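Down below is the structure, laid out as structure tokens.
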Amino acid sequence: MPSLSEAYRAHPVHVQHKHPDLNSLQELPESYTWTHHSHDDHTPAASNESVPVIDLNDPNASKLIHHACITWGAYQVVNHAIPMSLLQDIQWVGETLFSLPCHQKQKAARSPDGADGYGLARISSFFPKLMWSEGFTIVGSPLEHFRQLWPQDYHKYCDIVKRYDEAMKKLVGKLMWLMLDSLGITKEDLKWAGSKGQFKKTCAALQLNSYPTCPDPDRAMGLAAHTDSTLLTILYQNNISGLQVHRKGGGWVTVAPVPEGLVINVGDLLHILSNGLYPSVLHRVLVNRIQQRLSVAYLCGPPPNVEICPHAKLVGPNKPPLYKAVTWNEYLGTKAKHFNKALSNVRLCAPS
């Protein structure tokens, strides 16, 4: 996946990498203290509803997913065919990685113009305060970085990542067609999905996240509100709550972990492809003082140089295209400059 790395290199994000060991802090530093005035990050949810949980074995799964995408921009899935043992393995990789000493993790630090490695979230540069989290991004093979982290037994960690990537690719193909089917889009209509429509040439990044226990969680932020620059994101979270999605008119809603469940977020590129029918979901992560939270995000996009635009079947005389055509590479550049206003930046006209 070299071109995805090239896209990140072309749009470097300068963030502070040498941050303190969050596990050792007894008080919340000023640099990590968020206030209501700096960001609307603690608006309570106005609804008891939550993101739908959909059984992929349900014969009505496509219709249920269509409704979830339109109304939430997110949903959870069960019976997704990813073995629980593999989910536990990838969580173990994250737990082991983030428990390494700071100086060891810094050996695999992401460079300012790099795509992969250890460091703060790329969105950090858009906010005046730091986020109570640490991350590790994998684009392609993690071999080089894992050798630095685990010189003796890096192979077993690489093997787990490879197996997880292969399993996610299969799930992406299944989910994409379940989402596109209800829009009337067929395998013949999307040439870049491949001759068999398996989305084998999609590009992806794997993001491991750790949210350590926090001495003052009400004034901290694990990951600030953002949308993903993807087609879709598949998230595995351990059994600790923290993820919230924003529902228009309903405020922030917690996405409680479901046993063996995976969270699916609609990304900006699927928002464009669906001509705005499937809104990309604004989401954030809160922290707590009792238990560390871990998550693994599989961020999936099209081949980097394929143009994504509102699909022809979703436009017409009374439904003009709302967005101009853009490649993932181009969109990552727009996102690096305009962050959460990136979609507005590629909009042709306002929705009716």
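Not measured: the values here are computed from a predicted model.
- Screening L28, L286, I290 for a side chain to side chain contact (heavy atoms under 4.5 Å, CB included) with C214, the sole residue that qualifies is L28.
- Distance alone, capped at 3.5 Å, is enough to place a donor-acceptor pair between the N275 side chain and the L322 backbone.
- For W132 against A220, the heavy-atom pair with the smallest separation is CB-CB, 4.4 Å.
- Electrostatic pairing of K162 and D165 does not count as a salt bridge here, judged by no charged N lying under 4.0 Å from a carboxylate O.
- Between the side chain of S124 and the backbone N or O of L120 there is no donor-acceptor pair closer than 3.5 Å.
- Put simply, the side chain of Q104 does not reach to within 4.5 Å of the side chain of Q148, judged on heavy atoms.
- S280 and D268 share a donor-acceptor pair across their side chains, judged by distance under 3.5 Å alone.
- Counting only heavy atoms from C-beta outward, the side chains of K313 and D189 approach each other to under 4.5 Å.
- Contact check for P310 versus I272: side-chain heavy atoms found under the 4.5 Å cut-off.
- For E27, the CD atom sits in a loose shell: 12 or fewer heavy atoms of surrounding residues, nucleotides or ligands are nearer than 6.0 Å.
- The environment of K174 atom NZ is dense: over 12 non-hydrogen atoms of other residues, nucleotides or ligands sit within 6.0 angstrom.
- Screening H66, H271, H311 for a ring pair (Phe, Tyr, Trp, His ring centres under 6.0 Å) involving Y278 leaves a single residue, H66.
- A salt bridge is absent between K156 and D159: the closest approach of a Lys/Arg side-chain nitrogen to an acidic carboxylate oxygen does not fall below 4.0 angstrom.
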*Check against ring pair (Phe, Tyr, Trp, His ring centres under 6.0 Å), W150 and Y157*: CA-CA 9 Å; W150 299 289; Y157 299 97; 3.7 Å; yes
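- When ring centroids are compared, H246 and H283 stay outside the 6.0 Å threshold.
- For F127 and F339, the ring centers are positioned less than 6.0 Å apart.
- In this structure, R247 is positioned above the aromatic face of W72, its NZ or CZ under 6.0 Å from the six-membered ring centre and within 45° of the axis.
- Formation of a donor-acceptor pair under 3.5 Å by the Q76 side chain with backbone atoms of A256 is found in this model.
- A donor-acceptor pair is defined here as one N or O able to donate and one able to accept, closer than 3.5 Å; no such pair exists between the side chain of D228 and the backbone of T230.
- Within the 4.5 Å cutoff, side-chain heavy atoms of S274 are placed close to those of L183.
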